[in-house]
Asker: 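Take a look at this one; I'll ask things after.
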2 protein chains.
Amino acid sequence: MSSKEKILSAAIVLFAQKGYSGLSMRQLALAVDLSVAAIYHHFPDKNTLYLEAVRFAFSDKEQVFDQVWGSDCSAEEKLSRFIRSFIDVMLEDHDFHRLMQREILEADPERMQLLAQGVFTSQFCLLMQLATELAPEQDAHLLATSVIGLAKYYIEYQPLLKYFPGWKPEHEMPEVIAAHITTLLLNSFKATTA
Amino acid sequence: MSSKEKILSAAIVLFAQKGYSGLSMRQLALAVDLSVAAIYHHFPDKNTLYLEAVRFAFSDKEQVFDQVWGSDCSAEEKLSRFIRSFIDVMLEDHDFHRLMQREILEADPERMQLLAQGVFTSQFCLLMQLATELAPEQDAHLLATSVIGLAKYYIEYQPLLKYFPGWKPEHEMPEVIAAHITTLLLNSFKATTA
DNA sequence: ATGACCTTACTGAACGTTTGTTAGGTATCT
DNA sequence: AGATACCTAACAAACGTTCAGTAAGGTCAT
């Protein structure tokens with residue numbers, strides 16, 4: 001792995017942990033065992049380093065779900081598998097998830113557009129297509145958003161949810177969350193088509 | 001309004017915008033038209049100022065939904081009203097919402113516990129109770145989470161969602177979002193009890 | 001009523017540290 | 001010789017924090 005890549009992947013982790021202004025160039029330099037000036041040899045300034053780190057983190061997240069869409073099973077089964085894969089990815093790659101949360105918080109319009117069109121569009125379209133298949137007379141965009149929203153919320157708010165009454169350890173298990181969301185959605189679709 | 005309150009309410013807005021390390025004491029002092037030392041007269045240091053600001057922001061959010069729970073209508077209608085109120089509050093008090101997002105990102109266990117038990121527990125319990133009423137054989141905690149998760153996601157991810165294909169301006173209207181979520185959930189409940 | 005005294009709310013200036021960034025120099029490899 | 005990858009050392013600016021001082025307001029004995 002080249003120094004530049006080492007810097008980028010360390011930056012992803014640290015920016016995700018501490019945020020843009022929370023991470024100093026010296027801390028990053030220390031983490032990759034280089035001098036500060038060495039970082040400035042590879043990147044013109046902190047801001048473009050951050051942008052490149054974000055782009056780097058998002059670069060290989062596109063084709064994770066190919067096995068889901070490729071499999072030839074029922075639409076219901078596809079939804080179930082997508083939800084499960086989505087939760088797994090988000091739980092696995094925690095840094096990616098937190099970096100994304102920070103980007104959403106920042107909500108810079110230009111970067112939002114880049115993120116949407118450059119990274120997630122194809123997945124979102126496939127999900128909308130699946131939604132249309134399952135509930136033809138409903139708004140596909142709203143439905144696709146609901147699917148992702150349900151899954152994302154369970155993961156993002158885990159640290160808070162565990163302090164609410166009625167919480168059980170199983171509420172943090174991917175298969176339990178996935179099963180709950182899937183049945184919730186499929187039940188809803190069943191009612192609308194009936 | 002006292003100087004202390006003026007500092008706190010300005011801090012809420014600015015911490016929500018820039019994050020903890022993104023806001024300097026000098027910037028805050030400038031915003032409230034006081035000297036930096038004046039702030040230190042009211043608060044021992046930046047960290048406790050932040051904590052007090054968070055507590056201040058969350059302090060009067062408890063009894064917003066009293067009219068929802070107080071009204072004597074069907075459980076379905078109550079769910080519909082709660083979702084609508086929840087979305088309205090989150091859209092209205094944007095600073096509160098962003099500050100909460102930042103707190104979740106930080107995910108400090110002690111503060112999560114404080115937030116959960118001190119601020120949101122009663123609302124969450126009422127929502128769980130409603131969920132049990134609507135779908136007795138399902139996990140109330142998971143259901144309550146789903147309700148909030150659906151609503152929150154639509155608001156948090158608005159800046160991103162608008163760049164996906166199939167987006168329409170109406171997807172940002174509170175009544176449209178609320179209606180979609182409500183029917184989605186009620187349909188699901190209908191299927192499970194049938 | 002007045003001067004002494006304490007508290008409260010603030011100010012300007014400074015403390016030492018950390019920040020992003022750069023200049024100049026040194027190896028290593030083509 | 002020139003490009004590449006790195007270093008140490010320094011820069012000004014901004015950072016959180018503190019200190020000494022001041023002006024205003026209330027309290028209280030005289």
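Just so you know, these numbers come straight off a predicted model, no measurement behind them. Proteins get letters first, then strands, A, B, ... in listed order; numbering begins at 1 in each.
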Asker: Go through it in stages, so that I can follow the logic: the residues are A:Ile12 and A:Phe56, the test is side chain to side chain contact (heavy atoms under 4.5 Å, CB included), and I'd like the CA-CA distance, side-chain angles, deciding distance and then a yes or no.
Answerer: CA-CA 8 Å; A:Ile12 290 170; A:Phe56 189 70; 3.5 Å; yes
Asker: Which residues in residues 2-9 of chain B have at least one heavy atom lying under 4.0 Å from any atom of DNA chain D?
Answerer: none
Asker: Can you say whether the rings of B:Phe82 and B:Phe65 are parallel (under 30°), tilted (30 to 60°) or perpendicular (over 60°)?
Answerer: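 Tilted, since the angle between the ring planes falls between 30° and 60°.
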Asker: Check whether any side-chain heavy atom of A:His180 lies under 4.5 Å from a side-chain heavy atom of A:Tyr154, and answer yes or no.
Answerer: yes
Asker: For the pair made of NZ in B:Lys46 and P in D:dG16, what is the distance, rounded to whole Å?
Answerer: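 Taking atom P of D:dG16 as the reference, NZ of B:Lys46 is at 4 Å.
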Asker: Please tell me if the side chains of A:Tyr153 and B:Tyr153 come closer than 4.5 Å, counting only heavy atoms from C-beta onward.
Answerer: no
Asker: For the residue pair B:Asn47 and B:Tyr20, establish whether any side-chain heavy-atom pair is separated by less than 4.5 Å.
Answerer: yes
Asker: Check each residue of residues 10-38 of chain A for a non-hydrogen atom within less than 4.0 Å of any atom in DNA chain D, then write out the ones that pass by number, or none.
Answerer: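 Nucleic-acid contacts, sorted: A:Arg26, A:Leu34, A:Ser35, A:Ala37, A:Ala38.
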Asker: Is a donor from one side chain sitting under 3.5 angstrom from an acceptor on the other, for B:His171 and B:Lys162?
Answerer: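 Side chains of B:His171 and B:Lys162: no pair found under 3.5 Å.
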Asker: Taking the side chain of B:His41 as its heavy atoms from C-beta onward, which of C:dT21, D:dT4, C:dT8 lies nearest to it?
Answerer: C:dT8
Asker: Mind calculating the distance between OH (B:Tyr40) and P (C:dG12) to the nearest angstrom?
Answerer: 17 Å
Asker: To the nearest 0.5 Å, how far apart are CZ in B:Arg111 and CD in B:Glu103?
Answerer: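 The distance works out to 4.0 Å.
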Asker: Judged by atom type as modelled, is there a donor-acceptor pair below 3.5 Å linking the side chain of B:Lys168 to the main-chain atoms of A:His141?
Answerer: no
Asker: Take the protein atom CD1 of B:Ile39 and the nucleotide atom P of D:dT17, then report the distance between them rounded to whole Å.
Answerer: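 Taking CD1 of B:Ile39 and P of D:dT17, I get 11 Å after rounding.
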Asker: Please confirm whether the shortest side-chain N or O distance from A:His42 to OP1 or OP2 of D:dC6 is below 4.0 Å.
Answerer: yes
